[in-house]
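Scroll down for the structure; my scribbles are underneath it.
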There are 2 protein chains.
Amino acid sequence: MSARQVTLAEVAKQAGVSLATASRVLNGSTRQVSEELSDRVLRTAEQLGYVPNASAQALARNSSSLVGLVVHDITDPYFSCIAAGVTRVAEEAGLVVVLGTTGRRPEREVELLSTLRAHRARAVVLAGSRTTDRSAQSRLAAEIDAFTEQGGRVACVSQAKLGTDTVVPGNRAGGRALARALTELGHKKFAVLGGPSDLFVARDRLAGFKAGLADAGIAPPVVINGAFTRDGGYEAALELLASKTRATCVFAVTDVMAMGAMAALRERGVRVPEDMSIAGFDDIPTLRDTVPALSTVRLPLEEMGEIAAGLVLDAGGDEPRTVRVAGEVVLRASTAHN
Amino acid sequence: MSARQVTLAEVAKQAGVSLATASRVLNGSTRQVSEELSDRVLRTAEQLGYVPNASAQALARNSSSLVGLVVHDITDPYFSCIAAGVTRVAEEAGLVVVLGTTGRRPEREVELLSTLRAHRARAVVLAGSRTTDRSAQSRLAAEIDAFTEQGGRVACVSQAKLGTDTVVPGNRAGGRALARALTELGHKKFAVLGGPSDLFVARDRLAGFKAGLADAGIAPPVVINGAFTRDGGYEAALELLASKTRATCVFAVTDVMAMGAMAALRERGVRVPEDMSIAGFDDIPTLRDTVPALSTVRLPLEEMGEIAAGLVLDAGGDEPRTVRVAGEVVLRASTAHN
DNA sequence: GGAGCGCTGGAAAGCGCTTTCCCGCCACGC
DNA sequence: GCGTGGCGGGAAAGCGCTTTCCAGCGCTCC
């Protein structure tokens, strides 16, 4: 194995031109090369099966064709949708996506960023949501600085106070609109399965929801925090039931949590929506066919990924840019009139 | 921006040692370095925030720390689960995962492999399923050869006759076992929503299913082919209904297709499982909470990703290895006695 | 008709790192 | 006492590419 690798030098020699000329032909430089030589080089390269060594190019050019993508958990459809958007844009731009997963550990995010820096990634999209953990935040900020210092660009999806380009979904506005829609169905007593309290996304959705209830002059909801996962929703729902709170409508800050919650309700014989209405947030495509269909706030997740990738790939000014993406309330069968 | 990048040379100079020594300290070489110098180098590196330039390392060592992962569609939970397994193992090994998506275009797979080759990726996991398309296969095989020639390793998930390491899920056996389980429920008339006819995964599951029916002395099923997606399942189910076939049980070769099919049935007023039983294949975790709960064949998807990554990362002999992974029939509420 | 210019091609200097090779030093053994 | 290894340190030769700089050439323009 390991047959000698074809190098530019070999192509050049075979084609009877200099290294410089071969390089110019095979990698669109500004310089012109006569058609004759150009043809010869192209043909030889083709024939030898030449593939440029990306590491060498990266080293010589001091910039690679790597784009980082950092998510908490790629099996979470929220992230996989964003990932799809990011990869599409990156691939169109001829770049290659490096996927890192943090497992929701903030320090892992820092590590990944550092690795990406080592690889001289040209840009990074941070899709994991920020937390209120001060020290984690500051270490992350330091890494981000180091990264941008080096000429790399960084964009975040969802809330971030990191001075980077950001795609901000309308978490608060969405939560608020959802609350209003639900009050219009006649509900008066709400509960919220709120995700980890230190997560900005969760906090914003909750805050918006509370504001929406307040708008309608309705009492604040009972809030039960839990993990940002299916199981988190499940546990939180059980806790809600155990607490004997008399809510008629539950808002889970995530579709995935809502799924877990519905499972819990079902197990306990609570019918949705007859006994309890439930709504989520995100409108995960994979979950659209569930029964009862989940009321939620639709976020254009793939598009958000695309936007983030777009931001991070075209240079832009020094000003951090912010793109707001609105959520749209979608009422389906999981919420009923009360 | 773009403050000068800290290089090994600077660290070495600051620490008052040679480049060689600094390199040896900072990248576990076989050579020993005295504790004193070692400490000095480490401290200086730390202090200067030195991060090795991965491209330069890759170039000098002629091997990178990149692992490729090629999937058709990262939003498909089947692939995202596998991706999770692959990334976990790769990250534990200190490697970095490059994610490529093909959008189910075979030529894109070839392109990606070529890109990965350019990056001197040390290994690639091909998770997309193979088709019967001869020419696409042969071009892919050529790229795989080129890749391995260069010292890279390749592993495939699911059926592949490509001479690479492979993780083979028990598609046929699973289909067969499922068929038997369903006949034991008393069903006699089956339909299959079969996915694209040129896809090995689909064919195998179908073939196994047919074999299982034959085992039970039951007539072959009506087969309706469609795309390997939710919408494919939806369309196929509509077609099935339109065909007036009198099946009491439908097998969709994929959970995702089964979801689409259930949606179609529901829309048409066909109750599951009362009027029609339905089963899928894969046991996608995200879909486990659907109602009615989907009967299926469970595949340990994440584990399959882990295994594939494991195969591809530890050198192994020249013999292509094959790891078989069994599917386990899980009957739930979507299939009823007949 | 010669100075100046634009254009193409090639030589060569890096890019930041690894690794070979060599050198000096210090036991150690006879 | 002196050859012999072994060992830690450094100089320097690459790894495969890009890009600067220069040389040569055919023009145009006074």
Side-chain angles (χ1 to χ4, degrees), chain A residues 2-42 44-45 48-66 117-122 150-151, chain B residues 2-42 44-45 48-66 117-122 150-151:
Chain A
S2 258
R4 276 278 303 103
Q5 178 49 32
V6 182
T7 70
L8 225 212
E10 292 172 43
V11 175
K13 189 150 129 218
Q14 276 275 340
V17 302
S18 76
L19 201 55
T21 303
S23 170
R24 294 200 262 253
V25 170
L26 295 172
N27 310 284
S29 96
T30 40
R31 292 274 307 259
Q32 285 269 57
V33 175
S34 75
E35 195 161 331
E36 193 204 327
L37 292 195
S38 177
D39 271 7
R40 237 163 53 212
V41 171
L42 252 14
T44 337
L48 264 44
Y50 170 73
V51 175
N53 182 321
S55 308
Q57 286 189 316
L59 181 57
R61 293 183 176 147
N62 190 28
S63 98
S64 77
S65 56
L66 265 33
R117 177 151 71 99
H119 284 275
R120 300 300 184 270
R122 127 171 1 185
Q150 237 178 241
Chain B
S2 258
R4 275 277 306 102
Q5 178 49 34
V6 182
T7 70
L8 225 211
E10 291 172 44
V11 174
K13 189 151 129 218
Q14 277 275 342
V17 302
S18 78
L19 201 53
T21 302
S23 170
R24 293 199 263 253
V25 171
L26 294 172
N27 308 285
S29 98
T30 39
R31 291 277 306 260
Q32 286 270 60
V33 174
S34 73
E35 196 161 332
E36 191 204 329
L37 292 196
S38 177
D39 271 7
R40 234 158 62 208
V41 171
L42 251 15
T44 331
L48 263 45
Y50 170 73
V51 174
N53 181 323
S55 307
Q57 287 189 315
L59 183 57
R61 293 182 175 148
N62 191 29
S63 98
S64 78
S65 56
L66 265 33
R117 177 150 71 99
H119 284 275
R120 299 301 183 270
R122 128 172 358 189
Q150 238 178 240

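Convention: sequence-line order gives letters A, B, ...; per-chain numbering from 1.
The side chain of A:Ser23 contributes no N or O atom lying less than 4.0 Å from OP1 or OP2 of D:dC17. Remark: B:Ser18 is in phosphate contact with D:dG10, judged by side-chain N or O atoms under 4.0 Å from OP1 or OP2. OP1 or OP2 of C:dT18 has at least one side-chain nitrogen or oxygen of B:Asn27 nearer than 4.0 Å.
Residue B:Leu26 contributes atom CG, which lies 14 Å from atom P of D:dG9 at whole-angstrom precision. Atom CG in B:Asn62 sits roughly 11 Å away from atom P in C:dT19 (whole-Å rounding). The nearest whole Å value for the distance from the CD atom in B:Glu10 to the P atom in C:dC15 is 11 Å. As rounded to whole Å, 21 Å separates atom P of C:dG9 from atom NZ of A:Lys13. One can place CZ of B:Arg40 at 14 Å from C1' of D:dG10, the figure rounded to the nearest angstrom. The distance from atom CG of A:Leu59 to atom P of D:dG14 is 17 Å, rounded to the nearest whole Å. As a whole-Å value, the separation of A:Arg120 CZ from D:dC17 C1' is 17 Å. The interatomic distance linking B:Leu8 (CG) with D:dA12 (C1') rounds to 15 Å, in whole Å.
Comparing A:Leu19 and A:Val33 against DNA chain C, the residue whose closest nucleotide sits nearer the 5' end is A:Val33. Mapping A:Ala22 and B:Leu37 onto DNA chain D by nearest heavy atom places B:Leu37 closer to the 5' end of the strand. With the nearest nucleotide of DNA chain D identified for both A:Thr21 and B:Ser34, B:Ser34 has the one nearer the 5' end.
Of the candidate nucleotides D:dA11, C:dC17, D:dC17, D:dA11 has the atom nearest to the side chain of B:Ala20. Of the candidate nucleotides C:dC17, D:dT18, C:dC15, C:dC17 has the atom nearest to the side chain of B:Gln57. Here D:dG16 is the nucleotide among D:dG16, D:dT18, D:dG9 with the atom lying nearest to any side-chain atom of A:Asn53. Comparing D:dC15, D:dT18, C:dA11 against the side chain of B:Ala60 picks out D:dC15 as the nearest.
B:Asn27 and B:Gln57 are linked by a side-chain donor-acceptor pair at a separation below 3.5 angstrom, with hydrogens and angles left out of the test.
From A:Leu19, atom CG reaches atom NZ of A:Lys13 across 12.0 Å, with rounding to the nearest 0.5 Å. Put simply, CG on B:Leu8 and CG on B:Asn53 are 10.0 Å apart, with the number rounded to the nearest 0.5 Å.
For D:dG8, its base never sits under 3.5 Å from the side chain of B:Arg24 at any donor and acceptor pair.
Between the side chain of A:Thr21 and the main chain of A:Val17, no donor-acceptor pair closer than 3.5 Å is present. Looking at B:Ser64, its side chain does come within 3.5 Å of a backbone N or O of B:Arg120 through a donor-acceptor pair.
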